[in-house]
Amino acid sequence: MPRRPRPHPLASRLSDRLQRRSARIGVIGLGYVGLPLAVEFAKAGFRVTGFEIDAKRAATLNRGISYIQDVPNGDVRELVREGNLRATLDFDELARMDVADICVPTPLRKTKDPDVSYIVSAVKEIVPRLKRGQLVVLESTTYPGTTDELVRPMLEEGGFEVGKDFFLAFSPERVDPGNERYQTRNIPKVVGGSTPACTRAVAELYGTVMESIVPVTSTRVAEMVKLLENTFRSVNIGLVNELALMCDKMGIDVWEVIDAAKTKPFGFMPFYPGPGLGGHCIPIDPFYLSWKARESGFEARFIELAGNVNAGMPYHVTKRVSEALNSIRKPLRGSKILIVGVAYKADIDDVRESPSLDIMEILEKDGAKVSYTDPYVPSLKHGGSVLRGRPLTPGSLRAADCVVIATAHKSTDYALIAKHARTIVDSRNALRGRRTRGVFKL
Ligand SMILES: NC(=O)c1ccc[n+]([C@@H]2O[C@H](COP(=O)([O-])OP(=O)(O)OC[C@H]3O[C@@H](n4cnc5c(N)ncnc54)[C@H](O)[C@@H]3O)[C@@H](O)[C@H]2O)c1
C-alpha cells in the first residue's frame with residue numbers, strides 16, 4: 001500500500017483554518033486577476049485583504065465600488081459592507097495573513113525581455129513579514145523557474161525553509177475577461193508547489209472556492225502550462241493571420257474557408273484573423289517563454305514567427321484603408337477615419353496593447369484624421385492627449401471617408417454601419433454579408 005504522507009503540523013493548522021474559513025487571505029494586486037479572486041474568497045466566507053499600491057483603486061474598493069467590468073458592483077458592496085473584503089496600502093498587514101496571493105503585472109520591457117520587477121517588489125514586501133505556516137502563491141504569468149529560482153531564495157533569506165516553515169506555489173490565472181460562461185470559480189485551477197506539501201496546501205486553498213483543481217508536480221510545470229496555453233493561441237492566431245494574407249493574394253475569402261473547415265468534428269479548432277493581438281497576455285506571455293528558452297540555448301522559432309506575423313497585422317489593416325480610400329479617389333492624408341472599437345477584444349473595456357491604438361497611430365502618422373467610437377471606452381489616452389469617443393450615428397458614419405471595424409462588440413449596430421458608411425474596412429468580418437460594396441475585409 002502506498003504510504004500516506006505524514007501530516008505536517010503547520011500544513012494541518014493551515015488546512016484547519018482554511019476549512020473553518022478563519023484563514024486570512026491576502027491578495028497582492030487588485031486588478032483584472034486579483035479583484036475577482038479576492039471577491040471569490042470573500043464570497044466563500046474568508047476575510048480578505050487586498051494589498052495595493054494604487055491608492056485610488058484601494059479607496060474605490062473600500063467604498064464598495066467595483067472598477068473591474070466582470071466583477072459586479074453589488075457583490076463588492078455587499079462583501080465590503082459585511083467586512084469580508086477590504087483594500088489597504090499598508091503592507092505591514094501582510095504579517096497577519098495566512099495566505100499571500102501575488103497577482104501583480106508582468107509586462108515586457110521595450111527590449112521584449114520579461115519585466116518581473118512587480119513580482120520582486122511584492123515579494124520584498126512579504127519577506128520581512130513572512131511567518132511560519134504562511135502560504136505564498138504566485139499567480140502572475142511568468143517564465144518557468146520564476147517561483148523556485150527568484151521568489152523562493154528571497155523568501156528563504158531569513159532562514160525559513162520552504163515546505164517546512166512556509167509553503168510556496170505557482171498557480172496560473174486563466175481568467176478570460178468578458179467570458180460569461182467561464183469565470184474564476186468554474187475554470188479548472190492548475191497548481192504546482194515547490195514541495196509536495198506546498199502542492200497539497202495550495203490545492204486545499206483553491207479547493208475552497210474553485211470547482212476543479214489540477215495539481216501538477218512542480219512550480220515549473222505550472223508556470224509552463226500557462227505559457228503553453230497562451231503560446232498556443234498566439235501561434236494559431238499567427239497561422240490564421242498568415243492564411244488571411246495568403247487568401248487575400250489568392251482571391252479567396254478566408255472567413256468562408258474557416259467557417260467550412262470548422263464543420264470538421266475532430267482535429268480542428270477555429271481561430272480567426274484580426275487586426276493584431278491585444279491585452280495583457282497573448283502578445284506578451286510567449287516572449288517570457290522564448291526569453292527563458294534562449295537562456296538554455298534554445299530558439300523558440302514558432303513564437304518569434306507568430307509574433308512577427310501578428311505584429312504586422314495593424315499595417316495590413318492600414319493598407320486596406322488606403323485601398324478603401326483609393327476606391328473613392330481619396331488620399332490617406334487629410335481623410336477622416338472612424339475606428340469602431342478600441343478595446344483589444346469584443347465586449348470588454350480593456351485597451352491595453354490594443355491593435356486599434358497601433359492602427360490609429362499609423363494612420364495619424366500618414367496624415368489621416370482619426371476618431372473612434374466604442375461603447376465600452378468613453379475616453380482614451382492617446383498620443384499625449386485624451387480623446388473622447390464619438391457616438392455611432394448615421395451622421396458620424398457619413399462624416400467618415402472610411403470606417404474601420406477593429407473590435408466586434410456584440411452591441412454595435414452593424415446594420416447602421418452597413419447602411420451609412422462610405423467605405424468600410426472590416427477586420428473582424430462583423431458585417432457578415434450585410435454589404436459587400438465598398439467593404440474591404442482582411
Ligand atoms: N488580465 C487578464 O486577463 C489576465 C489573465 C490571466 C493572467 N493574467 C496575469 O495576471 C497578472 C496580473 O494581471 P492583471 O491583468 O490583473 O493586471 P492589472 O494591471 O489589472 O492589475 C495589477 C494590479 O497590481 C497592482 N500592483 C502593482 N504592483 C504592486 C505591488 N508591488 N503591490 C501591490 N499591488 C501592486 C496595480 O496597482 C494593479 O492594480 C499578470 O501577470 C497577467 O499576465 C492576466
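Here the structure is a predicted model, which means the values were calculated and not measured. When reading the values below, keep in mind they use all heavy atoms of this one structure, side chains included, and skip hydrogens, waters and symmetry mates.
- Side-chain contact between V99 and Q134 is absent, with no heavy-atom pair separated by less than 4.5 Å.
- Judged purely by atom type and a 3.5 angstrom limit, S171 uses its side chain to pair as donor or acceptor with the backbone of V190.
- Here the closest non-hydrogen pair linking E52 and A58 is CB-CB, 4.3 Å.
- The structure places OG of S371 at 9.0 Å from CD1 of I337, a figure rounded to the nearest 0.5 Å.
- Panel note: side chain D374, backbone A343; a donor-acceptor pair is recorded below 3.5 Å.
- Here the shortest heavy-atom pairing between V209 and A44 reads CG1-CB, 3.4 Å.
- A donor-acceptor contact shorter than 3.5 Å links the side chain of Y372 to the backbone of S379.
- In this structure, I362 and Y315 have side chains that are in contact, with non-hydrogen atoms separated by less than 4.5 Å.
- Within the 3.5 Å criterion, the main-chain N or O of I65 finds no donor-acceptor partner in the side chain of R63.
- Residues V27 and G34 approach most closely at CG1-O, 3.7 Å, considering heavy atoms.
- At most 12 heavy atoms of other shown residues, nucleotides or ligands fall within 6.0 angstrom of atom OH in Y118.
- If you take OH on Y344 and CZ on R352, they are separated by 7.0 Å, rounding to the nearest 0.5 Å.
- Using a 4.5 Å heavy-atom threshold, the side chains of L387 and M360 count as touching.
- Using a cut-off of 4.0 Å between Lys/Arg side-chain N and Asp/Glu carboxylate O, R77 and E82 are scored as not salt-bridged.
- A donor-acceptor contact closer than 3.5 angstrom is absent between the side chains of T407 and K345.
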For this session: Evaluate salt bridge (charged side-chain N to carboxylate O under 4.0 Å, His left out) for K336 paired with D401, printing each intermediate quantity in order.
Result: CA-CA 5 Å; K336 295 192 190 98; D401 299 302; 5.6 Å; no
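- Looking at heavy atoms from C-beta onward, I405 lies in side-chain contact with I424 at the 4.5 angstrom threshold.
- Of all heavy-atom pairs between V76 and G64, the closest is CG1-C, 3.6 Å.
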Problem set entry | Working for side-chain contact (heavy atoms from CB on, under 4.5 Å), residues T141 and F170 | CA-CA 9 Å; T141 308; F170 183 83; 5.7 Å; no
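- T199 is not listed as a side-chain neighbour of T217, based on a closest heavy-atom distance of 4.5 Å or more.
- If you take OG on S322 and CZ on F440, they are separated by 10.5 Å, rounding to the nearest 0.5 Å.
- At a threshold of 4.5 Å between non-hydrogen side-chain atoms, the residues D176 and Y182 do not count as touching.
- A salt bridge links R320 with D248: the distance from a Lys NZ or Arg NE/NH1/NH2 to an Asp or Glu carboxylate oxygen falls below 4.0 Å.
- For F302, the CZ atom sits in a loose shell: 12 or fewer heavy atoms of surrounding residues, nucleotides or ligands are nearer than 6.0 Å.
- Relative orientation of the F271 and F232 rings is perpendicular, given thresholds of 30° and 60° on the angle between their planes.
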For this session: Please report the C-alpha distance between F167 and V136 in whole Å, then the side-chain angles of each, then the deciding distance to 0.1 Å, and finally whether the side-chain contact (heavy atoms from CB on, under 4.5 Å) criterion is met.
Result: CA-CA 6 Å; F167 306 101; V136 178; over 6 Å; no
Exercise. Taking it one step at a time, do E125 and I28 satisfy side-chain contact (heavy atoms from CB on, under 4.5 Å)?
Worked result: CA-CA 10 Å; E125 297 289 359; I28 306 179; 5.8 Å; no
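- If you run side-chain contact (heavy atoms from CB on, under 4.5 Å) between V151 and each of T219, I126, L168, only L168 comes through.
- Applying the 6.0 Å contact sphere to CZ of R47 captures no more than 12 heavy atoms from other residues, nucleotides or ligands.
- Counting only distance, with no hydrogens or angles, the side chain of E93 and the backbone of G50 share no donor-acceptor pair below 3.5 Å.
- At a threshold of 4.0 Å, the pair R200-E204 does not count as salt-bridged, since none of the basic side-chain nitrogens sits closer than that to a carboxylate oxygen.
- For the residue pair I417 and L397, the shortest heavy atom distance occurs at CA-CD1, 3.7 Å.
- Using a 30° and 60° split on the angle between ring planes, W291 and Y143 fall in the tilted class, from 30° to 60°.
- Side-chain atoms of V191 and V214, non-hydrogen and from C-beta on, never get closer than 4.5 Å to each other.
- Taking NZ of K112 as the start and OG of S290 as the end, the distance is 9.5 Å to the nearest 0.5 Å.
- Side chain of H420 to backbone of R398: no donor-acceptor contact under 3.5 angstrom is found.
- Side chain of D98 to main chain of R24: a donor-acceptor pair is present (N/O by atom type, distance under 3.5 Å, no hydrogens or angles).
- Atom NZ of K419 is surrounded by 12 or fewer heavy atoms from other residues, nucleotides or ligands within 6.0 Å.
- Aromatic rings from H280 and Y32 are positioned such that their centres are separated by 6.0 Å or more.
- Taking the side chain as every heavy atom from C-beta outward, I119 and T146 approach each other to under 4.5 Å.
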Problem set entry | Criterion side-chain contact (heavy atoms from CB on, under 4.5 Å) on R57 and L30, from CA distance to verdict | CA-CA 8 Å; R57 281 201 156 171; L30 292 174; 5.6 Å; no
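- Minimum interatomic distance between A406 and S427 (heavy atoms only, all atoms of both residues): CA-OG, 3.6 Å.
- Under a 4.0 Å N-O distance rule, the pair D75/K43 qualifies as a salt bridge.
- Side chain of R329 to backbone of N326: no donor-acceptor contact under 3.5 angstrom is found.
- A side-chain donor-acceptor contact under 3.5 Å links N310 to the backbone of A306.
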Exercise. Checking salt bridge (charged side-chain N to carboxylate O under 4.0 Å, His left out) for the pair K441/D426: CA distance, chi angles, key distance, verdict?
Worked result: CA-CA 5 Å; K441 296 204 277 186; D426 183 2; over 6 Å; no
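- For the residue pair Q183 / E40, no side-chain donor-acceptor distance below 3.5 Å is found, with atom types taken as modelled.
- Once rounded to the nearest 0.5 Å, the distance linking CG of N308 with CD1 of I303 reads 12.0 Å.
- Annotation for E180: atom CD does not count as buried by contact number, only 12 or fewer foreign heavy atoms lying within 6.0 Å.
- Defined by atom type and a distance below 3.5 Å, a donor-acceptor pair is present between the side-chain atoms of E364 and H382.
- The distance from the CD atom of E304 to the CZ atom of F287 is 5.5 Å, given to the nearest 0.5 Å.
- In this model, no donor atom of one side chain and acceptor atom of the other lie less than 3.5 Å apart for N73 and S66.
- At least one donor-acceptor pair closer than 3.5 Å links the side chain of T88 to the backbone N or O of D90.
- The closest side-chain donor-acceptor pair between S117 and D115 falls under 3.5 angstrom.
- M210 CE: more than 12 foreign heavy atoms inside a 6.0 Å radius.
- For residues 222-237, the side-chain hydrogen bond (donor to acceptor under 3.5 Å, both in side chains) pairs, not counting sequence neighbours, are T147-E223, R174-E229, N230-D285.
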